[in-house]
Amino acid sequence: MMEYNFRDIEKKWQQRWVEQKTYRVSEDTKRKKFYVLNMFPYPSGAGLHVGHPLGYIASDIYARYKRLQGFNVLNPMGYDAYGLPAEQYAIQTGQHPEVTTVENINRYREQLDKIGFSFDWNREVRTCDPAYYHWTQWAFQRMFNSFYCNKCQSAQPIERLISHFEEKGTEGLDVAQTEELSFTAAEWRAMDEKQKSDTLMNYRIAFMGETMVNWCPKLGTVLANDEVVDGVSVRGGYPVEQKKMRQWCLRVSAYAQRLLDGLDTIDWSDSIKETQRNWIGRSEGTEVRFQIAGTDETFTIFTTRADTMFGVTFMVLAPESELVDKVTTAEQKAEVEKYLTYVKGRTERERQIDHKVTGVFTGSYAINPFTGEKNPIWISEYVLAGYGTGAIMAVPAHDSRDYAFARHFGLPIIPLIEGADVSEESYDAKEGIVTNSPRKDATPYCDLSLNGLTVKEAIAATKKYVEGHNLGRVKVNYRLRDAIFSRQRYWGEPFPVYYKNGIPQMVPEECLPIMLPEVDKFLPTETGEPPLGNATRWAWDEVNRKIVDNTLIDQKAVFPIELYTMPGFAGSSAYYLRYMDPHNDQALLSTEAANYWQNVDLYVGGSEHATGHLIYSRFWNKFLFDLGVSVKEEPFQKLINQGMIQGRSNFVYRIKDTNTFVSYGLKDQYDVTPIHVDVNIVTNDQLDLKAFKAWRPEYNTAEFILEDGKYICGWAIEKMSKSMYNVVNPDMIVERFGADTLRLYEMFLGPVEQSKPWDTNGIDGCHRFLKKVWSLFFDKDGKLALTDAEPSRDELRSLHKLIKKVSEDIENFSFNTSVAAFMICLNELASLKSRNRAIAEQLAVLMAPFTPHLSEELWEATGHETSVCDAQWPQLCEDYLKEDSMKMMVAFNGKARFPMEFPVGTEQQTIIDAALADPQSKKWTEGFSVVKVIVVPGKMINVVLKPAK
RNA sequence: GCCGAAAUGGUGGAAUGGUAGACACGAGGGACUUAAAAUCCCUUGGCCAUUACGGCUGUGUGGGUUCGAGUCCCACUUUCGGUACCA
């Protein structure tokens, strides 16, 4: 008996695909392109579990479907190969990260190959490959040599800015910048080289800046926020402090508005667009200047609530603000110093976790330009130096933080909105009618009155007044920060930068890439320099234009090279462009390739990258778009966020202090401890006792209290992880059921976007289905059992229903329902006893995106010589979908009662008459009169009744 | 706190405002078999009824719109994501 032998079939076709280069693609201007892309994986040491391929399978189905529709489909894959785990492993074992990374990549590749993807492996990229990071370095240099022009909203060569300085200084400048500088052409020309370099850093898109970081002196490295808990490092428990450090940064904030606007042009889920909008955090407000009482000095605050000008009762500065020194009076100096010391000792983390109300009075006052009142100036950590101007006006009645502060320090609270009760808490809502602005008892100070206006109107009126009276300006602020672009790590892209007299210089473009040097230790140096400080060959010979030994520094023209490396997102920001032309050694990609492939039509990946990779990539692409390298402003037209596959853990229950395990149903009668048990020795929650005893030595002598002769395990949905013993490996599934079954089942589990648990038990259904498909084509002896008769109308209807459903479902990414549709169709064919060749062939094509190996085999068996990949997606003929008759439900007052059948196309009135005339209707209509009848063709005849009098 | 998504049988999940629970798993019963596996058939939301038929109830909670609501509107509860002194 010849059964569905998936092992041989899958091996055969996977080999043939390689031999015949089935998935090789090239630019073909005669065909329309379609670019499908998955977020490339970081090859971790743990290998793939069953959750990882979910998105790859979904996009592979889409890619294959598009190909069957005649598109020239680009569906590449590669590796995000730089990353922390490999480096940590290197530090612990001395194993070079490259070795581990390559091992892991090979393992991934092996696992991926078994699942039957249509990737064009010829286009593989690895971020750690010098031929790849050449272009990461190149892009960085271009960013370094660019500034952002606000007027033309695009990146421009830095030379243009320099000539502007030469001619006019900063006059008439409207560009993105770290801080607003002001100098004349003469002043610019008077600057020395170092000063000019420092000044330009204020404008470059890739620039060197001073920023606050978590610094751990004992570990000699910067730590990310999640590597610090309660002020100490997670690894080692060493204290962590806030430190200002020089770092390379990318001026992502310059693109804030374009990043925001672009969201309206792309086909992403509303939730992820919203996340990005929040992250960019555009806020329209007003900057207002306050005069420091008794001086000529002023300072500027930012507010979105210009309507609350008359409710200001104090001012607050960020502790890091440069104003602090200026406004602190002699009497308050000691207090202020004490407070600043306290704040300095607080880590970022502590400030985030507990929002203690703390602060100190500076001794100075600011004059409110609307009331003339003197408001005390305080310092508090709740005001952040990095947002707005680092100074605020406090309106405790209408801001909860100001309110808490006012209550704590006994400062006045003036309500400004009619009916707002501020006795217990502030009234933060931006609605209501403004009052007290100005207060009735106040001496008139300015001619602005907001009383009687709505909040919205009051804000607009105040803005107008501020601009008209030169008190400040209308300003848009963004929450989006510039990205810190350097890491004190080894395993990352080196910077193509060297330092000449402390001034960063770009290595000439023709000399790229600068290769990551060898080191003997992956830790920081003894003097606290990053790991690259251990490299002996890490100096730049400017004359011979090559990397040379460090010992030559200080001789002639040899200079130290940057010791920082780039962060993870550097390599992953433009990889989708490189896939278009992966072997090009002259450019990131050719113009031809860029013009043909344009951008990614469909991008699949996790939503956890919403505020990381997906922002950086969009930024990077926009920059390259400004350079004319990328031809589309947005890199990813449509985005699908696949859900996580969770683990389904199993538990056994050990009676305390014994080696006896009690079955789930009886566990409440004992004092038990639940213990995770390997899900691979449990079937349908029933424990394999033998396998359990063999699982670990201590369970060798285990005894069991069973129910109905079985040991039933408890279960829970948790993250899939080794420690929960709920990891299911795709190789194991492929070995037992085949890749096609795995693909089908992963899709059948539920909607791609949704998180759902993996439960191996359900896979049988999909496997059985494929066996049934096999036996539709072949008899018991393995002979093709199809007939060449004309297909019947019923067969054709079943097929075309399937074509319609599957085509729609794939377009909508609703793969679980298309799998169900396959099963329904097969059942229909079985009940029709259909073995029609024409129908069966079409079924094989429809299934090809889901089960490519099986479809290839069936396609070949039905006498085709080409790959099923080059078949044509079946044409839908609506004609076959028409039923001869339609079944409709007769309902009375919305309640369905009995079915009736009518020939297709029956007149509405005929239907109504027939329904009312039906003897069964009498039961419901007696004693009632008919108000109206609603006919939903093919579904429902609803008779609306009311009692007859 | 704010933003977003969700809540349907024992389980995963279906349902353009029109017979809720498609499809599958599991469970129960049966056929075949010495037996097991495999395969096939029947039942399977709950409650009541059953020699016929059937009836009631049911999509997190409470309201509303509608002839008709899982679906639309309002309020709430819970869960999961994201984010957080952003003025």
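Quick caveat: nothing in here was measured; it's all calculated off a predicted structure. Below, chain A is the first sequence line, B the second, and so on; all start at residue 1. Hydrogens, waters and symmetry mates play no part in the numbers below; they use all other heavy atoms, side chains included.
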Worksheet item: Should rG68(B) be called syn or anti, with syn set as within 90° of 0?
Response: anti
Worksheet entry | Thr760(A) to Trp758(A) - nearest heavy-atom pair and separation | OG1-NE1, 2.8 Å
Worksheet item: Does Arg618(A) count as lying over the ring of Trp268(A), i.e. NZ or CZ under 6.0 Å from the six-ring centre, within 45 degrees of the axis?
Response: yes
Discussion item. Can you measure Leu770(A) atom CG to rA38(B) atom P for me and round it to whole angstrom units?
Written reply: 17 Å
Fill in: Whole angstrom value for the distance that separates C1' of rU83(B) from CG of Leu480(A)
14 Å
Worksheet item: Can Lys772(A) be said to sit on top of Phe769(A)'s aromatic six-ring, NZ or CZ under 6.0 Å from centre and within 45° of the ring axis?
Response: no
Practice prompt. Could you check how far CZ of Arg277(A) sits from P of rU83(B), rounded to whole Å?
Written response: 17 Å
Item to complete: Grab the two heavy atoms, one from Ala915(A) and one from Ile941(A), that are nearest each other, plus how far apart they are.
Response: CB-CG2, 4.1 Å
Worksheet item: Can you name the side chain to side chain donor-acceptor pair (under 3.5 Å) partners of Glu718(A), sequence neighbours left out?
Response: Ser649(A), His676(A)
Response to the item:
Output field dot_bracket for RNA chain B (Watson-Crick or G-U, both distances under 3.5 Å, | for other-strand pairs) contains (((((((..(((.....[....)))((((((.......))))))((((.....))))..(((((..]....))))))))))))....
Discussion item. Show the nearest heavy-atom pair for residues Ser663(A) and Glu707(A), with the distance to one decimal.
Written reply: OG-OE2, 2.6 Å
Any protein N or O atoms within reach of nucleotides 19-30 of chain B? Criterion: under 3.5 Å, listing atom names and distances.
residue	atom	partner	partner atom	Å
rC25(B)	OP1	Arg768(A)	NH1	2.5

Fill in: Interatomic distance, Trp279(A) CH2 vs rC86(B) P [rounded to whole Å]
14 Å
Discussion item. Just N and O in the side chain of Gln754(A): are any of them under 4.0 Å from OP1 or OP2 of rA5(B)?
Written reply: no
Discussion item. Whether Lys756(A) contacts rG13(B) is assessed here as follows: a side-chain N or O lying under 4.0 Å from the phosphate OP1 or OP2. Is that the case?
Written reply: no
Discussion item. Can you pull out every side chain to side chain donor-acceptor pair (under 3.5 Å) where at least one residue sits in residues 388-405 of chain A? Sequence neighbours excluded, please.
Written reply: Tyr382(A)-Asp402(A), Asp399(A)-Arg401(A), Ser400(A)-Asp428(A), Tyr403(A)-Arg407(A)
Atom pairs under 3.5 Å, N or O on each side, protein against nucleotides 68-76 of chain B: can you list them with distances?
none

Worksheet item: By side-chain contact (heavy atoms from CB on, under 4.5 Å), which residues pair with Arg282(A), not counting sequence neighbours?
Response: Gln257(A), Leu260(A), Glu284(A), Val476(A), Tyr478(A)
Item to complete: Pick base, sugar-phosphate or nothing for Leu749(A), based on heavy-atom distances below 4.0 Å to the nucleic acid.
Response: sugar-phosphate
Worksheet item: CD of Glu608(A): more than 12 outside heavy atoms within 6.0 angstrom?
Response: yes
Item to complete: For Arg481(A), report the nucleic acid contact type (base, sugar-phosphate, nothing); a contact means any heavy atom under 4.0 Å.
Response: base
Item to complete: Send over the distance from Lys719(A) NZ to rC80(B) P, rounded to a whole Å.
Response: 16 Å
Discussion item. Rounded to whole Å, how long is the line connecting atom OH of Tyr387(A) with atom P of rA84(B)?
Written reply: 14 Å
Worksheet entry | Rounded distance (Å) that lies between atom P of rC2(B) and atom NE2 of His355(A) | 15 Å
Worksheet item: For Val383(A), which contact category applies under a 4.0 Å heavy-atom criterion: base, sugar-phosphate, or nothing?
Response: base
Fill in: Asp270(A) atom CG, neighbour heavy-atom count above 12 within 6.0 Å
no
Worksheet item: With a 6.0 Å cut-off on ring centres, are Phe737(A) and His767(A) close enough?
Response: yes
Item to complete: Using whole Å, report how far OH of Tyr403(A) lies from C1' of rC85(B).
Response: 18 Å
